[in-house]
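Report on one structure; see the data block that follows.
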Amino acid sequence: MSIVGALYAWCLTKHDFPELGYLFRWAYYPMQVEGWLHGRLDLPIPVSDKLLALRDPYDPATNGEFRFGQLGLHDLTLFQKRVYMYWGPTPALLAFLPWRLLTHTALATPWAAWFFTLGGWLACAVLLLRIARRHFPAVGDGTLFMLLLALGVCNWAPILLRRADVYETAIAAEFFCIAVAWCCLVEYLWADDRRRTAWLLAAGVAYGLAVGARPNCIVGAGVLLLPLCLGRREDRRWSRAAAALLPVAGAVAALLLLNYLRFGNALDFGQRHQLAGVKVTGSTFFSPVYVWFNARTYLFSPPRWGDYFPFILPPSDRPMPAGYAGTEGAYGLLATLPFLWLGGLVWFARHDRRLVSAVAIVATSAAFALALLLGFFGSATRYELEFAPALALLAAIGVLAWEQRSAERVRSRRLGRAAWGALLLASAGVTMGASWEYGGFFATTDPATHETLARAANQAAIALGYAPASALQTVELEVKFPTAPRPTNRIEVLLSTGANGNHDAVVADYPADHMIRIGFVHGVSKSFTPPMRLGDSAVHLLRVTLGSFMPPVAHPFWRSTDPGVIQQARSQLNISLDGHEVITGTPDLFGNPRARPT
């Protein structure tokens, strides 16, 4: 527990860097608690009269200055001149309110996320140990130790904690509560008749709290009845079904009452009045059109590889379905974490009825969570905590099944351990790489540690021949531009660097026949040359010197180089066409994770 807890604490985003501009959201849950203690259901945050005076306060094109900044209201619900949280109250009830009452101070939101993820891992660890002792007694302690670490790394918590914001805290609380519900449901399978109802009641309470954190998980509440369905006919009593479902019904009733008291409508959870980055009103939140895109995003999209630390990049962008809001760095888990493949090994334990029932509980819960995400109009890496822990737990049970099966065959057991150990090592490496890469938060919040790791890793990559030791400074392209008729799609990307939506690019624009403008694009900002007439030459020489081509600061290429020289080299821009300089300057540039541009 101390190892996983320390790992999660190391991954945890520091919460003292206001220069990122939007982290006032970390105060939402503490301010919700303050509102409760003063008899209010809204947040004690002032709402600007200028925001209320807008023609449409919910239009993201006009309300940006009020959503971000020191007193930003991003993603809060604005209703009748007050702001509310649409996130469920469970995190506040379980962590923020008790902390406030005991210490008279506000609990930092990242540490609440740490508490919930560690608690969720601990519940999964207890469940795995109980399963091992009851069904796989031949498995040794060393194997169990490695599998417990696998549960802590392959559950995607190290990535979620890298940006432990209000969103992640709600999801972490859901994970904790559902993991506790799994434990209770599996204990029901093993308990004597007198205690079974109590275990179902405890599972219902835990699942009800999960609904209070993330109301959407109500769709998976049917898993509470699965032990009754899989058990003996005489165990299927109405009293036991009621014990499992009544706490969930109570949680739903409490949420509906909260909605009514806040918005005058029990079915209004606040998202219709959300100050979001997209226009929520009129959006189609769920549609079968999104299913295949989300399935590829969450399950089958492999990571990309960079030439510099941390070497891992989110999957490539793909065309999105109509009405889709966007994706935030989600990885295809089956293509990213090969350890999860080992869940198929539970087949070797298919004759153990109670174990099959336990596996069915975890698998069904994951299936419900994933099914809901597949139909949603957006995807994000934080949502993967809703099903990744179940996949990791099933994989660990699969390893136990293999270890038990091969206990008498020394050669098979050694080969099997080498195989699943390699898959675990690869999965752990990719997980930590994805955590270090996620949003640049590691480099921003802990620059000293990031630089130390980056220097060592980049040097090792060069020594192994994975990455080049030299740097590309200038690119020369022989280009044949269209002259007449001009392209219908006027702007054409000639060269680009960067990743994850942060791109620098050299582009060509064709304002008229036989005319061209060369442009430079940095993120969403664009600058162009005046229109130039194309000469008679069929092939033109484009020469680009761009700071984005250069390696990151923590690269051996810059060893013993003055920091001022590094800064100058990494911020230069010079573009010439047929020997004539057309664009020059020192603009802001994004880093390039690869040694060559696209």
Non-neighbouring partners of [X] that pass side-chain hydrogen bond (donor to acceptor under 3.5 Å, both in side chains), sequence neighbours left out:
{"X": "Thr431", "answer": "none"}
{"X": "Arg405", "answer": "none"}
{"X": "Trp305", "answer": "none"}
{"X": "His450", "answer": "none"}

Over all atoms of both residues, closest heavy-atom pair of [X] and [Y]:
{"X": "Leu201", "Y": "Pro247", "result": "CD1-CG, 3.8 Å"}
{"X": "Ala9", "Y": "Trp111", "result": "CB-CH2, 4.1 Å"}
{"X": "Tyr207", "Y": "Val223", "result": "CE1-CG1, 4.1 Å"}
{"X": "Cys177", "Y": "Thr90", "result": "SG-CG2, 4.3 Å"}
{"X": "Trp436", "Y": "Pro310", "result": "CB-CB, 3.8 Å"}
{"X": "Ala244", "Y": "Leu224", "result": "O-CD1, 3.4 Å"}

Sorted by first residue and then second, give each salt bridge (charged side-chain N to carboxylate O under 4.0 Å, His left out) pair with at least one member in [range]; sequence neighbours left out.
{"range": "residues 208-231", "value": "Glu174-Arg214, Arg214-Glu386"}
{"range": "residues 415-430", "value": "Glu403-Arg417"}
{"range": "residues 132-149", "value": "Arg133-Asp141"}
{"range": "residues 286-297", "value": "none"}

Tyr324-Phe293 aromatic ring centre distance below 6.0 Å
yes

Distance only, no hydrogens: is a donor on one side chain within 3.5 Å (strictly under) of an acceptor on the other, for Asp307 and Tyr466?
no

Any donor-acceptor pair under 3.5 Å linking the side-chain atoms of His135 with those of Asp352?
yes

[X] side chain near [Y] side chain, heavy-atom distance below 4.5 Å:
{"X": "Thr169", "Y": "Asp165", "answer": "no"}
{"X": "Phe115", "Y": "Leu107", "answer": "no"}
{"X": "Leu161", "Y": "Pro110", "answer": "no"}
{"X": "Ser301", "Y": "Arg318", "answer": "yes"}
{"X": "Arg382", "Y": "Arg163", "answer": "yes"}
{"X": "Glu328", "Y": "Ser379", "answer": "no"}
{"X": "His555", "Y": "Ile462", "answer": "yes"}

What ring pair (Phe, Tyr, Trp, His ring centres under 6.0 Å) pairs are there with at least one residue in residues 354-382, not counting sequence neighbours?
Phe285-Phe377, Phe286-Phe376

Return each pair, listed once, that meets ring pair (Phe, Tyr, Trp, His ring centres under 6.0 Å) where at least one residue sits in residues 398-421; pairs must be two or more places apart or across chains.
Phe348-Trp402

Roughly how far, to the nearest 0.5 Å, is [atom2] of [Y] from [atom1] of [X]?
{"X": "Phe96", "Y": "Tyr28", "atom1": "CZ", "atom2": "OH", "answer": "13.5 Å"}
{"X": "Leu225", "Y": "Leu245", "atom1": "CG", "atom2": "CG", "answer": "4.5 Å"}
{"X": "Phe387", "Y": "Leu373", "atom1": "CZ", "atom2": "CG", "answer": "6.5 Å"}
{"X": "Leu226", "Y": "Ser357", "atom1": "CG", "atom2": "OG", "answer": "7.5 Å"}

Residues, nucleotides or ligands: over 12 heavy atoms within 6.0 Å of Arg411 CZ:
no

More than 12 non-hydrogen atoms from neighbouring residues, nucleotides or ligands closer than 6.0 Å to CZ on Arg414, yes or no?
no

Please confirm whether the backbone N or O of [Y] pairs with a side-chain atom of [X], one donor and one acceptor, at under 3.5 Å?
{"X": "Thr117", "Y": "Trp114", "answer": "yes"}
{"X": "Asp75", "Y": "Gln274", "answer": "no"}
{"X": "Trp182", "Y": "Cys124", "answer": "no"}
{"X": "Asp192", "Y": "Arg195", "answer": "yes"}

How far apart are the C-alpha atoms of Tyr298 and Tyr331, what are their side-chain angles, what is the distance that settles it, and do they pass the ring pair (Phe, Tyr, Trp, His ring centres under 6.0 Å) test?
CA-CA 6 Å; Tyr298 284 125; Tyr331 290 75; over 10 Å; no

Result block: side-chain N/O donor-acceptor pairs under 3.5 angstrom for residues 125-132, not counting sequence neighbours:
from, atom 1, to, atom 2, distance (Å)
Arg130, NE, Glu187, OE2, 2.7
Arg130, NH2, Glu187, OE1, 2.9
Arg130, NH2, Glu187, OE2, 3.0

Throw together a table of side-chain donor-acceptor distances under 3.5 angstrom for residues 142-158, partners on residues two or more places apart or in other chains.
from, atom 1, to, atom 2, distance (Å)
Asn155, OD1, Tyr8, OH, 3.4
Asn155, OD1, Ala157, N, 3.0
Asn155, ND2, Tyr8, OH, 3.0
Asn155, ND2, Leu151, O, 3.1
Trp156, NE1, Thr381, O, 3.3
Trp156, NE1, Thr381, OG1, 2.8
Trp156, NE1, Glu384, OE1, 3.3

Trace of the side chain to side chain donor-acceptor pair (under 3.5 Å) decision for Ser412 with Ser406:
CA-CA 6 Å; Ser412 296; Ser406 61; over 6 Å; no

